[in-house]
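Reading through the structure tokens given below for one structure.
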Amino acid sequence: MSELNGKTAIVTGASKGIGAAIARAYGHAGAAVAVNYASDKAGADKVVADITGAGGKALAVQGDVSKEADVLRLFDETEAAFGRPNVLVNNAGVYQFAPIEELTVEHYRRHFDINVLGTLLAIREAAKRFGPEGGAILNVSSVAGRGVYPTTSVYSATKAAVDHVTRILAAELGPKKIRVNAVNPGGVETEGTHAAGVMGSDFEKQMIASTPLGRLGQPDDIADVSVFLVSDAARWVTGETLAASGGQR
Ligand code: NAP
């Protein structure tokens, strides 16, 4: 595969789950990839080894996307290793579900700081640092930004915000030749959904029942669409939120 030859991509939250699958797919498609992680260095190193072992270019970079200094360093280290980035994937995200009676300010701030502020900080840097030829930004959102799922009010609000930020910044950054799109997964089996107790739960059964293609997604289902959306084949696509969900709404 060579769809991303010559591109330099930053993928946030790429030590596991959907982000790791996107980073691997980008590396195998020819991009040099900065594999960002927050705490799981071993996971990020494994993703880097998978890419470099297949002849690609990759680098693990620690950084918490909700911290401004870390985002600046992520871009600095990527540029030092591979030159100016021209692809950014905002995948880092957290999700915990709880009834509204259990809402805490800490829960709210953690979700909005990582899922929304982290996305905005990274796009700010991309807008400043992509070259005159522009580039592509992909936000990993969720069908939850539009769906109506009880107990997910805080998480779903972050993804509704990401969807609208996608549309606004596509309009704002179009003149700089920067495309901004979102991919919106439905339920996907990842380390995160295992840790959250989704797998094997009634919630998993409900998600499968509401998915026309009849199963949960796998990270590669999202990664393949994510290659397309930042590739030149999608050069006329911007401001879109594309559900990759087996038909789940
Ligand atoms: P996951 O398995 O829990 O992996 C999360 C990744 O994000 C890890 O690499 C983690 O890094 C990183 N991360 C968390 N906080 C971070 C921070 N502050 N700064 C940088 N990185 C951070 O999650 P996933 O299920 O793959 O989900 C990935 C994205 O897809 C999220 O945005 C999520 O909302 C979205 N999504 C997931 C599903 C699903 O069903 N899985 C459905 C729709 C949308 P460390 O492990 O190194 O700490």
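The first residue of the sequence shown is numbered 1, and numbering continues consecutively from there. Just so you know, ligand 1 is whichever comes first in the structure, and atom 1 is the first atom listed for that ligand.
- Here F228 pairs with S231, A233, A234 under the side chain to side chain contact (heavy atoms under 4.5 Å, CB included) rule; sequence neighbours left out.
- Side-chain atoms of D113 and S66 include no donor-acceptor pair closer than 3.5 Å.
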Anything under 3.5 Å between an N or O on ligand 1 and a protein N or O? List each pair with its distance, or write none.
unit_1: ligand 1; atom_1: 2 (O); unit_2: G192; atom_2: N; d: 2.9
unit_1: ligand 1; atom_1: 9 (O); unit_2: G13; atom_2: O; d: 3.2
unit_1: ligand 1; atom_1: 9 (O); unit_2: S15; atom_2: N; d: 3.3
unit_1: ligand 1; atom_1: 9 (O); unit_2: S15; atom_2: OG; d: 2.7
unit_1: ligand 1; atom_1: 11 (O); unit_2: S15; atom_2: OG; d: 3.4
unit_1: ligand 1; atom_1: 18 (N); unit_2: D64; atom_2: OD1; d: 2.8
unit_1: ligand 1; atom_1: 19 (N); unit_2: V65; atom_2: N; d: 3.0
unit_1: ligand 1; atom_1: 25 (O); unit_2: Y95; atom_2: OH; d: 2.5
unit_1: ligand 1; atom_1: 25 (O); unit_2: T190; atom_2: OG1; d: 2.7
unit_1: ligand 1; atom_1: 26 (O); unit_2: I18; atom_2: N; d: 2.8
unit_1: ligand 1; atom_1: 32 (O); unit_2: N91; atom_2: O; d: 2.8
unit_1: ligand 1; atom_1: 32 (O); unit_2: K159; atom_2: NZ; d: 3.0
unit_1: ligand 1; atom_1: 34 (O); unit_2: Y155; atom_2: OH; d: 2.7
unit_1: ligand 1; atom_1: 34 (O); unit_2: K159; atom_2: NZ; d: 3.2
unit_1: ligand 1; atom_1: 40 (O); unit_2: V188; atom_2: N; d: 2.7
unit_1: ligand 1; atom_1: 40 (O); unit_2: V188; atom_2: O; d: 3.3
unit_1: ligand 1; atom_1: 41 (N); unit_2: V188; atom_2: O; d: 3.2
unit_1: ligand 1; atom_1: 46 (O); unit_2: S15; atom_2: OG; d: 3.2
unit_1: ligand 1; atom_1: 46 (O); unit_2: K16; atom_2: NZ; d: 2.4
unit_1: ligand 1; atom_1: 47 (O); unit_2: S15; atom_2: OG; d: 3.0
unit_1: ligand 1; atom_1: 47 (O); unit_2: A38; atom_2: N; d: 3.1
unit_1: ligand 1; atom_1: 47 (O); unit_2: S39; atom_2: N; d: 2.9
unit_1: ligand 1; atom_1: 47 (O); unit_2: D40; atom_2: N; d: 2.8
unit_1: ligand 1; atom_1: 48 (O); unit_2: S39; atom_2: N; d: 3.1
unit_1: ligand 1; atom_1: 48 (O); unit_2: S39; atom_2: OG; d: 2.6

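- The aromatic rings of F97 and Y95 lie parallel to each other, with less than 30° between the two planes, well short of the 60° mark.
- Note on K7 versus D232: salt bridge recorded, some NZ/NE/NH1/NH2 to OD/OE distance being below 4.0 Å.
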Atom pairs and distances, side-chain donor-acceptor, residues 21-33, under 3.5 Å, sequence neighbours left out:
unit_1: R24; atom_1: NE; unit_2: D50; atom_2: OD2; d: 2.7
unit_1: R24; atom_1: NH2; unit_2: D50; atom_2: OD2; d: 2.9
unit_1: Y26; atom_1: OH; unit_2: S226; atom_2: O; d: 2.7
unit_1: H28; atom_1: ND1; unit_2: R24; atom_2: O; d: 3.3

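- Not a single side chain to side chain contact (heavy atoms under 4.5 Å, CB included) links A160 to another residue, sequence neighbours left out.
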